[in-house]
Amino acid sequence: MEKIKRNILLNPGPSTTTDTVKYAQVVPDICPREQEFAGLMKGLREDLLKTVHADPKDYTSVLFCGSGTINIDICINSLVPEGGKVLVVNNGAYSTRAVEICQYYGLDHIDLKFPVDELPDLNMVEQVLKDNPDIKLVHTTHNETGTGILNPIREIGALAHKYGAVFTVDTTSTLAMRPINVYEDNIDFCMASAQKGIMAMTGLSFIIGRTSEIIKSKDYPKRSYYCNLYLQYDYFEKTGEMHFTPPVQTIYATIQGLKEYFEEGEEAKWARHTRVFNAIHEGLDELGFKDVIKREWQSGLVVSVIYPDDPNWDFVKVHDYCYERGFTIYPGKISTTNTFRLCALGAIDEQDIRDFFVVFKEALVHYGISVPAVYKD
Ligand SMILES: *Cc1c(COP(=O)(O)O)cnc(C)c1O
């Protein structure tokens, strides 16, 4: 097996993959309607449940061909009964995406907004639930990947359940990285795509959710033809297959990615991400860079860094310098502050981060950007 050039991706997914995952895609051609392929997907669906400690007697996983956003779309358009309202607990770009999905489907919804660098106020969440007994679905984002703030999903989930609503959580940037337990975390539905925590390829997304709620949704309004949770679930149950063509090669890579995930182990993998995250902070501290989110509120997976007040600072130039040397850094996603992001996803370890900071510092010196970084206040 020939070694493939290794790039260190510090963007928020897709992440750096192992060569064994890359090569898992090189297989003999197969028609995905063959029993052999259905068998592979059955094993994959069962293994996905294990990543969040979901018991197959309560939960199921449903696969879709698409990027991670398809999961948010599907959960929201499929799990709201006639006349039901959606509450989005929103402190960032990904929850805003859920609000936009409500708008596109014309769903009655409440966009409960909080500042992007603040945790949601749980008293306000409860008040809104109390005042709106027609809320049937509460949605939020676990790790708001735009900033790296970690939301209190366990508490929000408990409130959703207290007021009789289903709780859907966008766990795309935590699942298979930061340990999740659907029971302890009060999650009815969570989701991710193969290229993030599982460290496989793009094109496969999945929802893990309560089977009873999916079955209930059979009678809810069908708002999409391609993106309906019950229809895809039902097709899987009847045939073992996706309704439409699956991303065949990505599924092979995902199976390999999951095998490597279980070999590494949940705790060990989280410890590795934590090492990487700490190394990112050490490197930034050494160069005097500031981050947006209070340290104790950070997810441990994304660091959102504030641009220095330096006339020579130029993100694109610094990015290109690093990119040419095998390190990818990523722009921010906050409208009010100029930021860039360094993420701890993927098959990388702390040494990769130390190597990155050597190059990053070189870039700063090369472009005459002050070290340590300067800030006006
Ligand atoms: C990556 C990500 C998504 C999915 O984004 P796509 O561009 O559709 O892959 C959704 N939610 C969160 C929190 C993410 O980090």
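Ligands are counted one by one from 1 in listed order, and the atoms in each one are counted from 1 as well. All values reported here derive from a predicted model rather than from experimental measurement.
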With heavy atoms only and a cut-off of under 4.0 Å, state how [X] meets ligand 1: side chain, backbone, both or neither.
{"X": "Thr172", "answer": "side chain"}
{"X": "Asn71", "answer": "neither"}
{"X": "Gln195", "answer": "side chain"}

Please indicate whether any nitrogen or oxygen in [X] is less than 3.5 Å from any nitrogen or oxygen in ligand 1.
{"X": "Gly68", "result": "yes"}
{"X": "Asp170", "result": "yes"}
{"X": "Thr69", "result": "yes"}

>> Between the side chains of Glu213 and Lys216, is the shortest nitrogen-to-carboxylate-oxygen separation below 4.0 Å, so that they form an ion pair?
In response: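 Yes.
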> Do the charged groups of Arg6 and Asp19 touch, with an N to O distance under 4.0 Å?
Replying inline: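 Salt bridge absent between Arg6 and Asp19.
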Compute whether any side-chain donor of one residue and acceptor of the other, for [X] and [Y], lie under 3.5 angstrom apart.
{"X": "Thr18", "Y": "Thr20", "result": "yes"}
{"X": "Tyr104", "Y": "Asn77", "result": "no"}
{"X": "Gln127", "Y": "Asn123", "result": "no"}

>> Need the ligand 1 atom indices (1-based, order shown) with element for anything under 4.0 Å from a heavy-atom of Ser173.
In response: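 Result: 13 (C), 15 (O).
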> Counting from 1, what ligand 1 atoms have a heavy atom of Thr141 closer than 4.0 Å?
Replying inline: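 Listed by number with element, the hits are 13 (C).
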> Considering Lys196, Lys333, Glu144, which one's heavy-atom position lies nearest to atom 2 (C) of ligand 1?
Replying inline: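 Answer by nearest heavy atom: Lys196.
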> Of the listed options (Ser67, Gly146, Pro14, Gly92), which comes nearest to atom 6 (P) of ligand 1 when hydrogens are ignored and any heavy atom counts?
Replying inline: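 Among Ser67, Gly146, Pro14, Gly92, the closest heavy atom to atom 6 (P) of ligand 1 comes from Ser67.
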Is there side-chain contact between [X] and [Y], with at least one heavy-atom pair below 4.5 Å?
{"X": "Thr60", "Y": "Tyr233", "answer": "yes"}
{"X": "Tyr23", "Y": "Glu2", "answer": "yes"}
{"X": "Pro179", "Y": "Glu267", "answer": "yes"}

> Of the protein's non-hydrogen atoms, which lies at the shortest distance from atom 15 (O) of ligand 1, and what is that distance?
Replying inline: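 Scanning the protein heavy atoms, the shortest distance from atom 15 (O) of ligand 1 goes to Thr145 OG1, 2.5 Å.
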